[in-house]
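Okay, structure first, notes after.
Keep in mind it's a predicted model, so treat the numbers as computed, not measured.
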Amino acid sequence: MHILIAEDEPSLRENLQWLLEMEGYTVVAAHDGMQALEFACLAPPDLVLTDVMMPHLDGYGLVKALRETTATSTVPIIMLTAKADRRDVRTGMNLGADDYLTKPYRREELLDAVHARLARKASLDATARRLQDEALEAQQRDALTALPGRELFGQRLKMVLTPVPGAPTRSVGLVCLGLDGFSKINDSLGAAVGDKVLVEVAARLSEHLRTEAHPMGYDCVARLGSDQFAVCLGDSPDLTRLEGACTGLQQLLAQPYRIDGHTLFLTASAGASLFPQQASDAHALLLNAETALHHAKPAGPGTVRVFDAEMNQQVARRLQVHNALHSALDLNELQLYYQPQVSIATGEVVGFEALLRWQQPTLGWVSPAEFIPIAEESGFITRIGAWAMRTAATQAAQWHAQGHQKFRMAVNLSVRQFVGNNLPELVSKVLAETGLPPDMLELEVTESLALHSVASTLATLHACKALGVKLAMDDFGTGYSSLAYLKRYPLDALKIDQAFVRNITQDAGDAAITRAIVAMSHSFGISVIAEGVETVEQLDFLRTLGCEEFQGYLFSRPVPAHDAEKCFAGFTPPNAPFPSTR
């Protein structure tokens with residue numbers, strides 16, 4: 001423990017230093033308050049002992065200065081004085097001193113005071129660390145179910161797999177469960193019912209581990225995202241036992257759900273992997289189980305797949321993409337394509353969405369659906385997102401300088417860009433560097449991103465909005481939120497996901513949902529953009545609803561900048577539903 005002494009009397013200072021060093025403390029001694037303050041700022045001590053009467057800066061001034069300095073604001077301070085006047089004691093305490101000893105003091109009296117203050121400091125520090133850890137863990141838990149999220153679950157899984165010295169290697173199974181057709185519950189009964197189903201699923205899995213006395217416990221159940229859960233089982237000696245555990249979990253989730261007067265039946269697909277037989281660490285184990293789940297889903301509801309060697313091809317491909325992605329920016333392999341956004345009323349191009357494309361020399365064209373999730377998982381999406389925003393804004397600024405005024409440039413945001421609250425700073429820098437008017441830049445957030453750490457996300461969005469940019473919610477309807485969330489976010493536009501638009505003229509459910517989204521958005525003063533419009537019939541239906549804008553193959557695919565620029569000259573693609581002379 002590091003103790004700082006401030007004492008102008010040399011003999012007292014030396015004796016005090018010798019006494020504390022004999023007790024095992026590290027001691028730094030200053031001959032006045034000014035020197036003590038300098039020492040404290042350079043290396044904050046664990047405790048300060050200060051005389052009251054000193055030249056240059058007395059003990060009262062030192063206490064005040066230490067309390068006003070962030071690094072030393074909570075350091076315990078004991079004042080030492082030959083004066084025993086209560087007013088002096090009160091003055092020191094009011095300034096922030098923790099204790100007061102009157103000279104001459106006994107050795108035991110001094111050491112008791114030092115020990116007591118250091119013990120209290122250690123207790124307060126431990127409490128602060130615990131509260132900080134609890135707050136951090138709370139942030140890493142799913143807000144809806146209170147289960148660990150992906151990051152926290154990964155940390156717990158790593159702890160589970162850490163070998164115990166002298167003990168045999170534990171065989172650990174990991175099961176990933178995906179609810180089959182869960183989106184239909186949200187679509188037909190609303191997100192509130194869907195949320196309650198997810199909470200019930202979490203409760204069943206957690207209770208199962210408790211009642212079955214699994215050594216892993218509650219924290220080895222996680223919600224990985226949307227309708228996907230993970231369960232860690234520490235008693236899986238072989239693949240047969242693990243597959244049986246998958247079946248048991250599926251039967252547990254297949255029991256009826258009675259929610260808000262509805263009786264619902266769900267099935268779950270399952271993917272599983274075994275440590276150490278199939279994976280050498282926590283990351284590989286989770287990746288294997290998720291890969292197995294991805295193989296199970298296409299085979300039909302309720303399918304179980306245990307990871308096998310054939311699935312390694314997919315893992316190898318994922319690793320290959322992951323490795324190549326890290327150099328894609330430096331090698332100028334990433335490109336931005338631009339898809340026009342069109343006014344339904346006038347047929348004019350009113351904006352563009354900037355979309356990532358990647359052509360890799362070895363892999364060829366890599367789909368965004370493949371490489372963006374990998375970039376998200378690795379964290380590299382933050383750098384890619386910043387590059388995409390700067391590149392798109394630069395392109396928009398060039399078009400603006402050419403005299404094109406009535407359009408906006410939309411760029412997509414990743415949840416990773418909201419970590420650390422650096423997004424407003426990035427947006428501000430991009431606008432300053434490119435000279436693009438703020439209202440010509442639109443930031444698109446996904447529905448699931450909007451529900452991630454709601455308080456901090458809202459604060460970040462409001463900070464971006466204050467810069468003058470526009471905000472849009474992308475892929476609306478594909479997650480598990482409700483329209484009620486719209487009033488909480490400072491949105492200018494909402495994008496109806498193409499999953500609804502695709503069957504809007506054939507499926508009464510999709511038509512009803514789209515009609516409700518448009519009406520509710522307009523009631524909040526939010527305009528609506530429909531994605532994935534491919535037929536004139538879809539466009540006509542959207543027109544009857546009062547939907548303002550659309551984008552999709554009916555007008556244009558995403559194209560390079562030089563092709564997108566032709567839209568400003570009145571060019572209309574051959575298959576567009578508007579005359580080229582509009």
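Looking at R204 and E200, a side-chain N of the basic residue comes within less than 4.0 Å of a carboxylate O on the acidic one, giving a salt bridge. Taking a cutoff of 4.0 Å between a charged side-chain nitrogen and a carboxylate oxygen, D238 and R241 do not qualify as a salt bridge.
Closest heavy-atom contact between C567 and V349: CB-CG2, 3.9 Å. The nearest pair of heavy atoms linking W358 to A328 is NE1-CB, 3.7 Å. The minimum heavy-atom distance between I372 and L356, with the atom names listed, is CD1-CD1, 4.3 Å. Heavy-atom minimum distance, A375 versus I384: CB-CD1, 4.1 Å. Residues C547 and V518 approach most closely at N-CG1, 4.4 Å, considering heavy atoms.
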Given R223 and L144, is the side-chain contact (heavy atoms from CB on, under 4.5 Å) satisfied, shown in steps? CA-CA 10 Å; R223 184 183 179 202; L144 179 64; 3.7 Å; yes

Quick one: do E377 and R318 satisfy salt bridge (Lys or Arg N to Asp or Glu O under 4.0 Å)? Show the steps, please. CA-CA 11 Å; E377 182 179 316; R318 186 178 179 89; 2.7 Å; yes

side-chain hydrogen bond (donor to acceptor under 3.5 Å, both in side chains) for N412 and E353? Distances and angles first, verdict last. CA-CA 8 Å; N412 293 280; E353 181 180 3; 3.0 Å; yes

How far apart are the C-alpha atoms of Q551 and Q341, what are their side-chain angles, what is the distance that settles it, and do they pass the side-chain hydrogen bond (donor to acceptor under 3.5 Å, both in side chains) test? CA-CA 5 Å; Q551 66 186 82; Q341 296 173 331; 2.9 Å; yes

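No donor-acceptor pair under 3.5 Å is formed between the side chain of S206 and the backbone N or O of A203. R416 places a side-chain N or O within 3.5 Å of a backbone atom of E376 that can act as its donor or acceptor partner. A distance-only check finds a donor-acceptor pair linking the side chain of Q360 to the backbone of T362 [under 3.5 Å]. Remark: side-chain polar atoms of Q250 are paired, donor with acceptor, to backbone N or O of G302 under 3.5 angstrom. Remark: side-chain polar atoms of Q339 are paired, donor with acceptor, to backbone N or O of S556 under 3.5 angstrom. Between the side chain of R258 and the backbone N or O of G261, no donor-acceptor pair lies under 3.5 Å. Judged by distance alone, the side chain of N288 and the main-chain N or O of L274 form no donor-acceptor pair under 3.5 Å.
Figure legend: R557 and Y553 shown as a cation-pi pair, the cationic atom lying under 6.0 angstrom from the six-membered ring centre and within 45 degrees of its axis.
Environment of NE2 in H326: crowded, with over 12 heavy atoms of neighbouring residues, nucleotides or ligands closer than 6.0 Å. Annotation for K158: atom NZ does not count as buried by contact number, only 12 or fewer foreign heavy atoms lying within 6.0 Å.
Between the CG atom of L249 and the CG atom of L233 there is a distance of 6.0 Å, given to the nearest 0.5 Å. The structure places CG of L174 at 9.0 Å from CG of L161, a figure rounded to the nearest 0.5 Å. The distance from atom CD1 of I344 to atom CZ of F550, rounded to the nearest 0.5 Å, is 6.5 Å. The structure places CG of L325 at 10.5 Å from CD of E370, a figure rounded to the nearest 0.5 Å.
F541 places none of its side-chain heavy atoms less than 4.5 Å from the side chain of E537. Side-chain contact between S171 and Q277 is present, with at least one heavy-atom pair separated by less than 4.5 Å. Side chains of P368 and L355 form no contact here, defined as non-hydrogen atoms less than 4.5 Å apart. Contact of the F555 side chain with the L539 side chain is not registered, since no non-hydrogen atoms from C-beta on lie closer than 4.5 Å. In this structure, L242 and F307 have side chains that are not in contact, with every pair of non-hydrogen atoms separated by 4.5 Å or more. Q320 is not listed as a side-chain neighbour of V366, based on a closest heavy-atom distance of 4.5 Å or more.
Residues passing the side chain to side chain donor-acceptor pair (under 3.5 Å) test with Q278 are S273, sequence neighbours excluded.
Considering K470, K465, R408 as possible partners of D492, the one that fulfils the side-chain hydrogen bond (donor to acceptor under 3.5 Å, both in side chains) test is K465. The salt bridge (charged side-chain N to carboxylate O under 4.0 Å, His left out) test with K495 singles out one residue from E531, E548, E549, E442, and that residue is E531.
For the residue pair Q228/E290, the side-chain donor-acceptor check at 3.5 Å is satisfied.
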